[in-house]
Amino acid sequence: MRIITLMLLISVSFAPMAFAATPDGKAIYLKSCAMCHKGGIAGSPKLDDKAAWSERLAQGEAVLIEHSIKGYRGDAGYMPPKGGKASLTDDEVSAAVKYMISEVK
């Protein structure tokens with residue numbers, strides 16, 4: 001009985017750990033962000049408008065992510081927290097922002 005218990009403990013201890021997949025920023029953008037960022041709704045910068053992104057990019061990635069997660073009201077428009085999609089995780093919002101930044105640089 002001790003050997004079986006010991007073997008069970010060893011097998012559980014060395015079981016492979018599950019790692020969460022990195023969120024797909026493009027997929028999240030298309031599903032949750034594109035509705036506003038394709039049409040410029042509420043002053044959102046269109047993804048293909050590099051001029052509209054220039055001042056935002058100058059603030060740095062961390063600020064853009066924070067504004068996207070917590071929400072932000074600026075001179076040009078309004079970003080609701082998580083784009084109004086409360087079900088998104090901070091990591092998903094971050095991945096979407098990083099995708100958008102990569103597209104406008």
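- In this structure, the separation between NZ on Lys98 and OG1 on Thr22 is 9.5 Å, given to the nearest 0.5 Å.
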Let me check something: any side-chain donor-acceptor pairs from residues 68-75 under 3.5 Å, sequence neighbours excluded? List them with distances.
{"residue": "Ser68", "atom": "OG", "partner": "Leu64", "partner atom": "O", "Å": "2.8"}

Please list, one pair per line, the donor and acceptor atoms closer than 3.5 Å that link side chains of residues 33-51 to other protein atoms, with sequence neighbours excluded.
{"residue": "His37", "atom": "ND1", "partner": "Pro45", "partner atom": "O", "Å": "2.7"}
{"residue": "Ser44", "atom": "OG", "partner": "Cys36", "partner atom": "O", "Å": "2.7"}
{"residue": "Ser44", "atom": "OG", "partner": "Ile41", "partner atom": "N", "Å": "3.3"}
{"residue": "Ser44", "atom": "OG", "partner": "Ile41", "partner atom": "O", "Å": "3.0"}
{"residue": "Asp49", "atom": "OD1", "partner": "Ala51", "partner atom": "N", "Å": "3.3"}
{"residue": "Asp49", "atom": "OD1", "partner": "Ala52", "partner atom": "N", "Å": "3.2"}
{"residue": "Lys50", "atom": "NZ", "partner": "Lys105", "partner atom": "O", "Å": "3.1"}

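- How far CE of Met100 is from CD1 of Ile65: 12.0 Å, rounded to the nearest 0.5 Å.
- Side-chain atoms of His67 and Gln59, non-hydrogen and from C-beta on, do get closer than 4.5 Å to each other.
- Follow the hydrophobic side-chain contacts under 4.5 Å out from Met79 and you never reach Val93; the two are in separate clusters.
- Shown here for Pro23 and Asp91, the closest heavy-atom pair between the two residues is CG-O, 3.9 Å.
- Remark: Asp90 engages Lys82 in a side-chain hydrogen bond (donor to acceptor under 3.5 Å, both in side chains) (not counting sequence neighbours).
- Residues Arg56 and Ile101 have side chains not in contact (no heavy-atom distance under 4.5 Å, counting atoms from C-beta outward).
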